[in-house]
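As the structure lists them, so they are numbered: ligands from 1, and atoms in each ligand from 1. Throughout, residue positions are numbered sequentially from 1 according to the sequence presented.
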Amino acid sequence: MKAGYFQTHPEFGEVNRNIEQVAARLGSVDCDLLVLPEFAFTGYQFIGLEEVIELSERVPDGPTTQACIEFARRYRMHVVAGLPEKAGPHCYNSAIVVGPSGFLGCYRKTHLFCEETLFFSPGDSGFKVWDVGPARIGVMICFDWYYPESARTLALQGADILCHPSNLVLPHCPDAMVTRSLENRIFSITANRVGQEARGDKPPLTFIGKSEVVSPAGRILARASADTPELTVVEIDVNEARNKSINPYNELLKDRRPGHYCS
Ligand code: ACM
């Protein structure tokens, strides 16, 4: 299947314009699965709760999810994209999964990063997987990478591909995802953004780009630059993620010893 990332440069608060820019680019792309960044259409650096509430949307009825469904249908691809979700009294840092058949589901970020903890509720969805064409995909969001349990939980649920919408500001993740892929024998697609935000009197954030696709053998199949928007799609064979044999004596997931691990 053809799978990849769209590394974008959204303008804070310009949701419609950011959606239009993404949609305009998708018409010329041959792709089965495309991962977009965390908060793909709103921008990242919220300066207060009011702004978070204003830019958060219901899922799946809100306009961003509906727009994603519309372009997933039109271009016959599955899309994973981050957005601030409003649900009752809570706002979540969420990612939707949509495809040609419509809305498939939503994941709410488990491990909130830095000031996200001021504005968002910790995700209550748990880690989830979806069957998308020939692949089973699992979703985790940005800082979830720091907890190996996130990727492991998705691998144990049979995910072939980790879809990883991100707004990375620390330098370590692109290299760390090589390990996340290797230690689970799983593909990973990290979709990061580029550019800077310095809103209100907050310190500037520089997003590090370097979106990537990594194979179950830990090979970087594609990696984007640090500062330029880029859409890249690669051909992958999901069967590579289903062979968990390391050698004739070691079967990666079956050989785990959970009785010896802390919970
Ligand atoms: C992050 O979780 N946005 C770093």
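- Remark: minimum distance from atom 1 (C) of ligand 1 to any protein heavy atom is reached at Cys142 SG, 2.8 Å.
- The closest donor-acceptor contact from the side chain of Arg185 to the backbone of Ser245 lies under 3.5 Å.
- The distance from ligand 1 to the heavy atoms of Glu116 drops below 4.0 Å at these ligand atoms: 1 (C), 2 (O), 3 (N).
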message: Is there a side chain to side chain donor-acceptor pair (under 3.5 Å) between Thr190 and Ser211? Walk through the geometry before answering.
response: CA-CA 5 Å; Thr190 297; Ser211 299; over 6 Å; no
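- Between Phe143 and Tyr147, the angle of the ring planes goes over 60°, which puts this pair in the perpendicular group of the 30/60° scheme.
- Contact of the Asp32 side chain with the Met77 side chain is not registered, since no non-hydrogen atoms from C-beta on lie closer than 4.5 Å.
- Among protein heavy atoms, atom 3 (N) of ligand 1 sits closest to Glu38 OE1, 2.9 Å.
- Using 4.0 Å as the threshold, His111 has no heavy atom nearer than that to any atom of ligand 1.
- The minimum heavy-atom distance between Cys142 and His164, with the atom names listed, is O-NE2, 2.9 Å.
- Only the side chain of Phe113 comes within 4.0 Å of ligand 1, counting heavy atoms alone; its backbone N, CA, C and O stay farther away.
- Residue contacts with ligand 1 leave out Val169, since none of its heavy atoms falls under 4.0 Å from the ligand.
- Annotation for Arg180 and Ile186: closest pair O-CG2, 3.9 Å, computed over non-hydrogen atoms.
- Listed by number with element, the atoms of ligand 1 under 4.0 angstrom from any heavy atom of Phe143 are 1 (C), 2 (O).
- Taking every heavy atom of Tyr44 and a limit of under 4.0 angstrom, the matching atoms of ligand 1 come to 3 (N).
- In summary, Arg152 and Glu183 do not engage in a salt bridge, as defined by a charged side-chain N under 4.0 Å from a carboxylate O.
- For atom 2 (O) of ligand 1, the nearest non-hydrogen atom of the protein is Lys109 NZ, 2.7 Å.
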